[in-house]
Structure formats: structure tokens, C-alpha cells
Amino acid sequence: MQVARGLGGAEPVEDGDTVPSLLVAVAGAAVEGRGAFDPARTGAVVIDWDGTPLDGRGLGPRLRQLSALGVHAVVAHREGEPLQDDLADLRPQGPGRLFYFSGDPAELVEVGTGGLTAGLPRRPLAAGDGRPTRVPKGAAPEQILAWAREWLLGADDPAMAVLVSAAATSVPSALAFLDEVATAQHRFPAEVEDPAWRLEVEGFDRVREREVESWLAVANGRTGTRGTLEEGSPDSFPATYAAGVFGHVEGELPGPQLVSGPEWTHLRPHAAGRPVDLAEGETLEHRRVLDLRQGILFRRWRQRLPSGEEWSFRSARFASLADRELLALEAEVTTDAPAASLGDGLPAARPDAAVASVERQAPGGRELVTVSGKDGQSATFAVSTHEERGRLERLVAVHRSWGDDLAVDALHRLGRAEAAGLPTLRARHRLEWRRRWADADVTLPGDVDLQRAVRFALAHLISSGDPEADVASIGARGLTGPGYRGHVFWDTEVFVLPFFIWTHPPTARALLSYRHRTLPAARAKAAEFGYTGALFAWESADTGAEVAPLFARAPDGTRVAILTGLREHHISADVAWATWQYWQVTRDEAFLVDKGAELILETARFWASRAQRGDDGRFHIDGVIGPDEYHEDAPDNAFTNVLACWNLATAAKVCDLLPRLDRAAWEQLSARLDLRDPECRWWAEVGEGLVDGFDDRSLLYEQFAGFFALEDLRAVDVAPRPFPADTILGAPRVHGAQVVKQADVLMLAHMLPELVPAEVLAANYRYYEPRTSHGSSLSPPVHAAVAARVGALDDADRYFRMAAAMDLDDRMGNSALGVHLATMGGLWQAAALGFGGVRADGDALRIDPQIPSSWEGLGFVVRWRGTRVAVDVGPAILQIDVDGPATVAVGAEPARRLEGGRYLATRQGTGWSALQTVEGRA
Amino acid sequence: MKTLVVPPSASASVADLLSGTGWELDAADGAEAHDVGATLALLGRGRGLVVVPSSAAVPASLRRVLVLHDGTPGSTPAVEAADHIAVRHGSGVVVVHPPDVEKLGDGDSLTMPRVADHSPYDWQEWRDEFLRRFCPVSSGVSVAVELVNGPPVEGTLDVVAEERADLVVAAWDGDLETRRAEALQALLSHSPCPVLVVPGGDERGEPHPPAKS
């Protein structure tokens, strides 16, 4: 056996390991035990090839097979000149990437699907997901292995990289080894082992099962499926939602709600002629793991059957992030009991008031279920199930329709998925998750529980967005449950969208496009209220028409009027704000010209008509609800007025900017909107004249006119927070008091930091923080972000943890009908924009981190105008890695143009030194 | 079959109403309506007690039954008793829940949502989830839940009056220190309708040893 020195994380293969003799070294953090090798966990293969002519012995086809299964390969050839025919045969054919390293010149190149047909490409490799694609010249194979492990897979990936010798005498063995790796990829997938990447639920608690189902939902922005047990239980609430497919329901809260599709994860486990479930016999083990790293829900279950035999079951399911129309379930059972089986078709549809019809067909051994909502949209689920020798594979293709032919398309997609096979689909899904995590992860070293909670939030955020379609936006509970019926609130633009703007702009663009698509409904709502421009729906579903209820039943049973759809107008400024944020961070000119400008101009037009000049000569906005919904008839709500003022000023900027970007498009747009110079000047006048409630002496914004005259009741003195003050104290009491539901003045400081200087922010934080009950899940993450900026780092830490625990520590089932995506988005904002101190500062990205003394560090990534910026903050060191040019400012330092590379700053008091370039990094 | 004590203070018509609801009636034991010690003793022996406070009118039928619920599995026996009665009499069941605000500390359970982002839905969700968790009833039995706002004792009495209840059912573990005990004692004294007290468990649903009287 060959034994190589461990190098850069590579573990030498030890005597006693059952591995092929040509396996030189393995590298993988998740390997159980030193040197242990599992071909099923092989994520990358480095082949140390001595140039021996392959003469068609099949290296190329094997590498293409591994590529299709998501396994990366590096062919390292350091001497001689290989045969052109051999080189021509090397090319990838799937999600797994193929690299070639030659001795002369010593350069690592990525091989495209065209192969190495015309000699080796000499161009530097594209930066891709920000990982370096070069290794040092003259690198030894072990160094290439370390590179593959660290950069191709990622340090915390559960897969391993292996180094294989393919010398003259060992080529046949190498090929056999590659076959073994390929075969192993078809086996049941492995769970990530790092506890910071696993949300694990042991046992079964019937009282909490429905919130567990929300936690364990698998989604991809197109569909979402709750984490219901495959066999179900009386306490289960199974559902699969297709984004944008609604049906109207009547009842106490009439309106559209997401339609629930078929229970595609349902199985009917049987043994010895009896159904098998948790209630029969003795449960020996029951564990569900949401693998946050891979986006896969795993389940392991061992049961002592009433007949005495043991039943061992495991399953894995995912909603593909790579192929968003696809869902997959694989399950295996081992038992001594006779006649064991897992499934015989999907169950009948459950009653759903939003569903108009359910059609079922069985073409060619498949199941085809079309669920049509009462609003005209439909979703077809084409399902194929294959069960053999205790293993079941189920693939589902979903197609949404607004009137076209569903069945043909869904069956076509299913056919393509069947041809690819579940292992390849799984590999594509895993690799897409890996790509997304490369930009989305927030690292909190040294605190596994907090790290897990943050990743739980980030995983649900990633799962909620669909960058490929604008037919739907992200509901406040995503696709994890029926809560809020799938309706879209300001939660999306203000809390969720920043995560996508800064980490995955294509998804942000799709979400803003949804708002643009609903502009006609927003214009109609404004007109209905007697205004011009666009007033977006407080609750939006498919068309963008207002779907907020007018009445609801309060917890005490009384029927109360719901005014949010009538008075919570800041939603229009929120949409404009998100649009401008997207422009600032991405500089996506095409979007600004095509859609963004219209969103900003039409919302500004609304505010200009909404504000009225008062007797004092100033402009006022009366009768609105701000974020603090405890006070429903607020005159001159500071948040609303300042946002409106900002919206008007930003529209003026757009009027100036757009002609310079694309004069023809501007002329077309302004003509279509009938927008003329006098109207733009009027906007400026209204904006400048709007009262904002700011007092120069106290530095306080008054939340709304008359707020300071209310009973000075501080929430912090009433009960431990968070608590629902309106329920605890009664609505009349909170209406007359300064108790605040959620960040309101502080919300404006969070959204528009450039307008609120540090001393003003501190004064308002000191005043409003103790008066806030946090009776909304949106409040804690914003307070964490604001407290971090103020320097109240203990407060910030407390609020950050409160936000992180919102769903996972919920004991009363507030999460039973879905997780709280806005809190999750707010958590990312608290990390990156709050503790990380990231914000757009003109043309510069400003980074001014402050972390609590109890934290070991904080790491995150943002995308700034096409450049990936990785930020790692420690108590004394700030490290910034950029993969391209970017203008960056640190602390209070002036902005500086950075090129690709690593830069460091050191802590100086409460600020940071100027950035220093770190030498020696490519 | 569990035994239900019907003391002399309760009229024979109450006994008639409760016959056939899963309880064996025992009219021989003479507990007083608001005698806590006797009540504890009876509950400790696994027996229920029906009380007709002096303020109460004896109903002609049991159309509406209220359940005093503390939001824990400890109240499950009361729900089960109400369910039996509802099946027998076709009654509607209203679960009344005074939340224990004093348990609002971090990490403690609060049997109502701490947060409500979009209230109309959160309230509905809370009701649905509360009923799913704690109030399984027989098919055909209608059940609703109402939260008591403000002071729990007065609020509970208000709800009982507003709902025009014919019977209140409560489960009690004998602990005198809980909010449930406080509300129950007020009901035993001031309820406008008869009160059925059945043995309950603690917050985890475990039987609680009777307190020393």
C-alpha cells in the first residue's frame, strides 16, 4: 500500500483500511476516523496520471459518468506529452467539474464540455463562485488534493476528496476504482455530520409535530413540502404548495389562499399484512435530520413490530434547487418481517376549500394529479414510483399553469428526470446548494447552537426564492405552511429581499419583477382611494389586488375591523426602497431601465397625491398605520413620512439618471407615464415640505404626532419581552400608551441609515427600545441590527438570539403553520448589516463591523456590483477577500479601490485601521 | 367508570343532566359547594364533583358547555368530560383560556403566541393550533376557544356570563397556587351556572398529588 504524507488536510491512507492499493490519500473533514474511506462519500477524485497512453481504455467515459453523478475530477499529469486522442476524450458531462493539471506549463485548467481538443487552454480560469481555480506551479499531487478538498468541495462539506494513482501498471485498477465510486453514488445519500449543519429532531411529540413539520419543510421557491412523516399520523398536517397557485375561500377570512397539492411523500409501509407506524409496537429509534448543507430531509426509524420483528426504515427527500420543477423521495426498509413494502400510490386528496377540482390520471404507470384552484391557476404533479427489494424511489415533476397544457409538460419533465436518474438529480441538487452556501453562509465560530439556528434561517431563505419566475413572490411563511395563506406583505421587500439583494441578485430581481407585474393592481388601488400612482396591496397574492381581510375574530372572540389593507400605506415606499437597494448593490441597469424606474416613479407619484398641505404650510400624511400596528390612526407617522420623503427624492434622482443610462427608454417611459417636468418639481416640493416629527433639541423622532402625549408606559416594565401587549393589556390600553409593537422609528433608522446620524440613532434607541414589546417577530432582528450600530452590543447579542430562536424555541405552535421568513431575513440583516456594518455608501461598499466580546468571530459574504466580497471579523482583525475589483471603505476610513485578493485591517479603538494588502495570495 | 359526586346542594335535575356522560353519579357524599378541603379530598380519590353555586341557575338543558383550560395537558380530563356531555346532549363546547402572563420569562411556555405579525391570521392560527393540541373532541362536536383578556379571574367570569353557559367544566390537580386554581375558586363561588370539577394533572398532564388542606 502506498502511503503519502498528509498535506494540507489530506489524511494518508493507513494500513488496515479496506481500500484499493492505488488509493494514495483521502482528504475530508467529515471522514469518520483517520483515513477511513467510503466510496459513497467521494466528492472529488484527483488522478495522478503518468501519461501512460490510455488507448481508449475508458477513462473519459468514466469521468463523464462521475461528472453526471456530481463527482469532481482533476487529472494531474505532470510529465511528458499525453496523446491528443486521450486528451480529447476528457470532458465533463454533468454537474461534476473536470480539471486538468499538466506539468508544462504547470497550470490547472477547467475542462469544458468541448474537451481538450485543440491543446490546452492558456487563459486564466473564471472566478466562478469565488474559489481560486489555480494551484501553485509545480504542485505535488497532494497539494492538488488539498486544493480539491478546500476549494472544490469546501472545508465543511461532508464529501471527501481522494488521490488515486494511475501509473503505467495501475491504470486498470484506477478504472475499476472509478467504477466503484460511481456505483457507490447510487447508494443512499449520507447526512452531514457537523452539528452546526444539522437540525435534528428526535422522537415524536404529538403536541409539537405541526411546528416540526414547518421546520423540516423542503422547498425551492417553486414548491414547498412540509416535513410530514411519510406514513402520516393523526397529528400530521401534510401539505405541498406550488408558489402562485391560489384559490379563493370564503368564511371568517375570505380571500385567496395557496392550494395544497397531492401528498407526494406519502408512503404506506406494510409488513406481514399490517400497516407499520409509530403507534404500533415499540419505537427503538426515530430521528429526523434537516441537512442544512445539502437541503435534504433525512429520516431514520427503527420499530419493534407487534409481531416481534424489527423494522428499520430510512428516507431522504428534497425539492431540487437545481431543477426547480423536480421533487424526489428515496426510502429503504430492512426487516425480518415478511412481505414488507413501502408504497402503492398516492392517497386521495384531502379536502381543501381553495381547490376547485382534482383530476387524476395514470398514464404509462405514472400518476398524474392536477389540482386546480378556484382562482384559475393549476398545478400538475407527474409522479413516478419505483419500488424494488426494499428500496423505493419516487420522482415528481411539477408544472404550474395559467391555462396552458399541464399534463404534457409535466410528463415531459418527468421523463427527462427519469432518464437522468435520481443519483444525478441529487448530485445536481447538492451542488447547487453548495454554490448557494458559498455566498449565503454566515459563520459564527465557537457557538454551535447559534450557528445552527442561523443556518436554519438561511436555509429556509434560500429555499424560499425562485430566481427563474416572477409569477409569485415570497409569502410571509414561504411555502412551509398555510400561515397567512401565502400572502405577500412588506415582509418580503424589507426583511427578505435584502438577503437576496446582497447574496443572490437574480432572486431579488425576480421578486421585484413580481411587484412590477402587479403595478396595474397597485394603480387601481391608488385610484380607488382617490390617489394617483401606485399603492401596493398590503396583502398581495397572485394579481396584486388587495386581499387583506376587513374583519377578523380577536383571541377573545370579538369581531374587530382590520385596517391594514386600508391604512398601512408604507408598503409603496417599501417596494421603492427595495428597488433602489437592488440598484445600489447590483448596478443592474437593464432592470432599472425596464422595471425599477417605473416602480420608484409610480410610488413617488402616489406619495405626492397622498400628502396634503396643512394650515401650517407643511405637508402631512394623516390616518395611516406605521409598523407599530398598536396605533392604527396615526397622523404623520414618522416612519411613513420619512420613507415617503425619501421615495420622492429618489424618484427625482431617477428622473436625472435614467436619461443618461438610456435616453430612448426614458423618453418612452416618461411618455407612457405622462410624466413631465412640473410633476417632478412638485414631488421635490412635497418631499421638502413633509413633516418628519424630528425634534432638534431632544434628537428624537416622535413616532407620530401626539405620541409623546400618550401614557408613558414602558413595555420593559410590564412583562418579560417579547409579549403581545395588545392581548395582555387590552387594545384600548395600548392605543392610549407609548407601548410599541415593533421597531417603528428605529425601523426608519435601520432602512435609511444615511439619514440618521449616530447621535440621533443613539437617542432614539434609548427612548424607543424600552417601550417596545416586540409583539411582532419582525422586531428583534431589527433591534439587533440597530443595537449593533449604536454599540449596545450586549443588547444586540440578546436580540440576535431572540430572533434566532423565534421558530425553534416556539412552544405554543406559532410556527405550526409555517416558519417566519421575515425574522429569518432580519437575522441575516442583523448579522451582515448590523454586526457586519455593511452598507452602500455612494459608490463604495462600507464595512464597519462591531461584534460582541463574547463572540469569537463573524463571517459572511456579500455581492457588491458583481464582485464577491468575503468578510471575516475577529475581535482585533478584519479580513476581506475580494474576487475582483471593488471600491471598499472600512470603518470611518476613506474608500479605496481594491483589486482581487486579501486585505486586512486591525482594530483601533472602536474603529478600524486602513486596509492593508496581504501579499502572497493569488 | 369514574365516580361523580353530586352533593345535596346540587338539584336532582343536574344529576339527571349528567347521567349517561361517562360518570357514575354518587349522591351520597355531601360536600359543600365551596369547601375546598372536601373538593380536594374527592379529587384525590379520583372522583369528580358537581357544584351549584348560590349564584347559579340550574339549566333545563346543556346546550353550551364551557371548559376552563390552562393551556396544558393537565386540562385534558375537562375536555374529555365536556366531550362526553356534548355527545350526549348535542352541546356546543367553548374552551376558555386565561393565559398565565406571569410565565412570560424567557424559555417558559406561554399558552398564547408571544408575537403576532399579521394579527388576523395569527389569532386564527392560535385558535386552530390550540384546539388541535389540547382539545380533541368527538366527530360532530363543535368546539371553539376564547382567550381571556386582562385579569384572569374577572375575565373568566365575564366570559362565562357572556357565553350564557349551562355548565362549566374544569380539571384541577389540587394545587392551590396556580392561576387555574384561582379562577376555579372564583367560579365555585360566583359562577352563574353549575360547575363540574374533575381530577386533572399538572402542566405535563401527570397526576398531581392532592395538596394538604
When the 4.5 angstrom heavy-atom criterion is applied to A/Asp491 and chain B, the contacting part is side chain
For residues 557-571 of chain A against chain B, heavy atoms under 4.5 Å, the residues are A/Gly557, A/Val560, A/Ile562
So, the part of A/His487 with a heavy atom under 4.5 Å from chain B: the answer is side chain
Okay, B/Arg127 and chain A: the region with an atom under 4.5 Å from a heavy atom over there is side chain
Open item on the list: Between A/Ser260 and A/Arg350, is there a side-chain donor-acceptor contact under 3.5 Å, judged purely by atom types and distance?
Closed with: no
Check: With side chains defined as the heavy atoms from C-beta onward, is the minimum distance between A/Leu713 and A/Val718 less than 4.5 Å?
Finding: yes
Hits for ring pair (Phe, Tyr, Trp, His ring centres under 6.0 Å) against B/His97, two or more places apart or cross-chain, chain-then-number order -> B/Phe130
| task | Evaluate salt bridge (charged side-chain N to carboxylate O under 4.0 Å, His left out) for B/Glu129 paired with B/Arg132, printing each intermediate quantity in order. | result | CA-CA 5 Å; B/Glu129 183 62 16; B/Arg132 284 195 196 104; 3.6 Å; yes
Cut-off 4.5 Å, heavy atoms of chain B, and the answer for A/Phe551 is neither
Would you call A/Arg210 and A/Glu213 a salt bridge, taking side-chain N to carboxylate O under 4.0 Å as the test? no
Please find out if less than 6.0 Å separates the ring center of A/Phe536 from that of A/Trp490. no
Whatever's closer than 4.5 Å to a heavy atom in chain A on B/Asp122 counts as both
From the list A/His774, A/Arg733, A/Glu629, A/Lys741, the residue making the most non-hydrogen contacts under 4.5 Å with chain B is A/Lys741
Margin query: Within 45 degrees of the ring normal and closer than 6.0 Å to the centroid, is that where the cationic atom of A/Arg477 sits relative to A/Tyr484?
Written below: yes
Bottom line for A/Arg553: the part with an atom under 4.5 Å from chain B's heavy atoms is both
When the 4.5 angstrom heavy-atom criterion is applied to A/Leu778 and chain B, the contacting part is both
Closest non-hydrogen contact found for B/Ile85 with B/Leu18 is CD1-CD2, 3.9 Å
State whether the side chain of B/Asp166 and the backbone N or O of B/Pro59 hold a donor-acceptor pair below 3.5 Å, judged by distance alone. no
Of the listed A/Ala552, A/Gly775, A/Gly483, A/Ala725, the one with the largest count of heavy-atom pairs under 4.5 Å with chain B is A/Gly775
Between A/Arg798 and A/Asp794, is the closest basic N to carboxylate O distance under 4.0 Å? no
Applying a strict 4.5 Å limit to non-hydrogen atoms, the region of A/Glu539 in contact with chain B is side chain
* Indicate, with yes or no, if the rings of A/Phe489 and B/His118 have centres closer together than 6.0 Å. => yes
Point to revise | Residues A/Ser236 and A/Ser233: side-chain donor-acceptor under 3.5 angstrom | key: yes
Applying a strict 4.5 Å limit to non-hydrogen atoms, the region of A/Arg485 in contact with chain B is side chain
Most contact-rich option vs chain B, by heavy-atom pairs under 4.5 angstrom, among A/Ala805, A/Gly730, A/Ser776, is A/Ser776
Heaviest contributor of heavy-atom pairs below 4.5 Å to chain B, chosen from A/Ser779, A/Ala554, A/Ala816, A/Ala731, is A/Ala554
Under 4.5 Å to a heavy atom of chain B? For A/Gln742 that would be neither
Which of B/Val94, B/Val93, B/Val95, B/Val195 passes side chain to side chain contact (heavy atoms under 4.5 Å, CB included) with B/Leu66? It is B/Val94
